[in-house]
Amino acid sequence: MAVAINGLSLGAIYALIALGYTMVYGIAKMLNFAHGDVIMVGAYIIYTMCMFTWNIGSMPIWLSSLISFVVAMAVCTCLGIVIEKVAYKPLRGASPLAALITAIGVSYLLQGIAQLIWGADQRTISILDRLGTVNLGSYVIKWSAIITVVVGAIIMVCLVMFIKKTRTGRAMLAVSEDKGAAQMMGVNVNAIVSITFAIGSGLATFASMFYLPITSVSPTLGAMPGIKAFAAAVIGGIGSIPGAMLGGVLLGVVEVVCNSISAVASYTTAIEFALLIIILLVRPIGLLGKKRRIKV
Amino acid sequence: MALLEVKDLHVFYGVIQALKGISFEVSQGEVVTLIGANGAGKTTTMQTIIGLIQPKAGSIIYNEKDITKMPSHKIVASGISQVPEGRRIFQELSVYDNLMLGAYLQKDQKKIKDDIENVFDQFPILGERRTQIAGTLSGGEQQMLAMSRALMAHPTLLMMDEPSMGLSPLLVSQVFDIIKDMNSKGITILLVEQNAEKALKIADRAYVLETGSITASGTGAELASSPEIRKAYLGG
């Protein structure tokens, strides 16, 4: 039971990050390898803001934490938009390799800047894990894990509704399928790309918040969840939104289950990536991927 | 005063020149057709007008405004729609979503609803399949959807790129009837066709495009009776 909740919780985190990869790939046809580092920036902003606001005497901690989170989300959303405008937009139409290398460059740039501002020390902060645990029958479960699963699920449902039912969501699907035809409908592709980066980065901030109880904050915080969520997006079928969710949850559950079995715990990461390789061998487009003319 | 005026348009793909300074105009209420062989530059012309391709030189004047450097969403907002070559409907979206995308720049929700109902009245098969993924429609149904989608934007000028491509003779006639009908409702039409015979028949005026240059122009009837045109495009 605890393993199931923790697995789903980690899975929800991976899924939230994987959505950012997959949406950006679907719309801009590029792999944004700086996405993991947006999570890191989000985590640092939450950390810094909490350190600052918790000392404001009269404010309850939940409120100052919430404010910190909202500020982090605003910063990350802007950061996502700025990264796209400054680093990726000039390369639209250039070779996919140029965009890929640039994305890796942005990733190191963000890590470098974080190290300059906050230093290389690992810091820990407890926000969601202040809520403690709850006893369900004979099981002890962390509230933070429950919140992650519930909020993660709500966010994903909202995202799917947004994409299916709204004018902007429809335009995103149209751009993803045929950019030129979408332009002929009057869709402003630049605006849609910006919105996509904004949403991806906003989701990443949720991942930052949910990831804090199980990690310490450092400039390389984003690397591991970033690469695993990318693997999750590929497992699910890059470009596919339900695929990213499925891949994320699958990978999260596999990771927690492996970690809970002492015989295989030390091979967890290897097992996860072996899973990626096996799935790609059997189904190169990922579990829910669609056949597309354009490939990576 | 011409509704659309294309002046000395030069377009390059890398070092290859696709359009070598073409000029033509379309007046309000006309059906104008561009005919020419594959690779003559017909599709390039349309894509340049709607802003998907940037010309190296020349200008495009629409409604007395220079739209040459405008982004495509502004061009569409100013009243130009396109039925693209190969239809390019959104295969993974429903028939309904395709129509809604056609109305992307329309603000009046009630009017959009009415427009969609009108489409379903005109093409009941699209109404029956409104929630179906558009990629599952037949070629003819997809062409009807592509035309309806373009009309959702209430264009002043509708550009149609090879609307008869890949359709059975019966459907081709139906498509040309629809074009005539749209024109009679006041929509100005710029038509690109390989089916020169049918295109010239409904066109007020026509231009012949050959490897990036306009080599002949005249009324539809004039070109249809010209011996050279008959030989090159109408099978003798």
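Chain naming here is simple, since letters A, B, ... match the order of the sequence lines and numbering starts at 1 in each. The shown structure was predicted, so the numbers you read here are calculated from the model rather than taken from an experiment.
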S.K.: If you count every heavy atom of other residues, nucleotides or ligands that lies below 6.0 Å from B:Lys113 atom NZ, does the total exceed 12?
M.R.: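 Open: at most 12 neighbouring heavy atoms sit under 6.0 Å from NZ of B:Lys113.
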S.K.: I'd like to know which of A:Ala171, A:Ala191, A:Gly186 tops the heavy-atom pair count under 4.5 Å against chain B.
M.R.: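 If we count pairs closer than 4.5 Å to chain B, A:Gly186 comes out on top.
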S.K.: Can you list the residues of residues 38-59 of chain B that sit under 4.5 Å from chain A, counting heavy atoms only?
M.R.: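 Heavy-atom contacts from residues 38-59 of chain B to chain A are B:Gln47, B:Ile50, B:Leu52.
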S.K.: Please report the interatomic distance CE(A:Met185) to CZ(B:Arg149), rounded to the nearest 0.5 Å.
M.R.: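 So the gap between those two atoms works out to 3.5 Å.
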S.K.: Who among B:Ile80, B:Ile75, B:Leu105, B:Asn98 has the most heavy-atom pairs with chain A under 4.5 Å?
M.R.: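 The option with the most such pairs is B:Leu105.
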S.K.: With a 4.5 angstrom heavy-atom cut-off, is it the side chain or the backbone of B:Ile89 that approaches chain A, or both, or neither?
M.R.: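 Contact with chain A: backbone only.
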S.K.: Output the distance between atom CZ (A:Arg170) and atom CZ (B:Phe90), rounded to the nearest 0.5 Å.
M.R.: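 So the gap between those two atoms works out to 11.5 Å.
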S.K.: Check whether any side-chain heavy atom of B:Ser81 lies under 4.5 Å from a side-chain heavy atom of A:Met184, and answer yes or no.
M.R.: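 B:Ser81 vs A:Met184: side chains apart.
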S.K.: Please name the pair of heavy atoms, one in B:Leu93 and one in A:Ala174, separated by the smallest distance, quoted to 0.1 Å.
M.R.: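 That would be CD1-N, 4.4 Å.
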S.K.: Could you check whether any side-chain heavy atom of A:Glu177 comes within less than 4.5 Å of a side-chain heavy atom of B:Gln91, counting everything from C-beta outward?
M.R.: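 Heavy-atom side-chain distance check passes, below 4.5 Å.
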S.K.: How close do A:Val187 and B:Tyr104 get, counting heavy atoms only, and between which atoms?
M.R.: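 Closest heavy-atom pair between A:Val187 and B:Tyr104: CA-CE2, 3.6 Å.
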S.K.: In this structure, are over 12 heavy atoms from other groups packed under 6.0 Å from A:Phe273 atom CZ?
M.R.: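 Counting other residues, nucleotides and ligands, CZ of A:Phe273 exceeds 12 neighbours.
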S.K.: Using 0.5 Å steps for rounding, measure from the CZ atom of B:Arg87 to the CG atom of A:Asp178.
M.R.: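 Between atom CZ of B:Arg87 and atom CG of A:Asp178 there are 13.5 Å.
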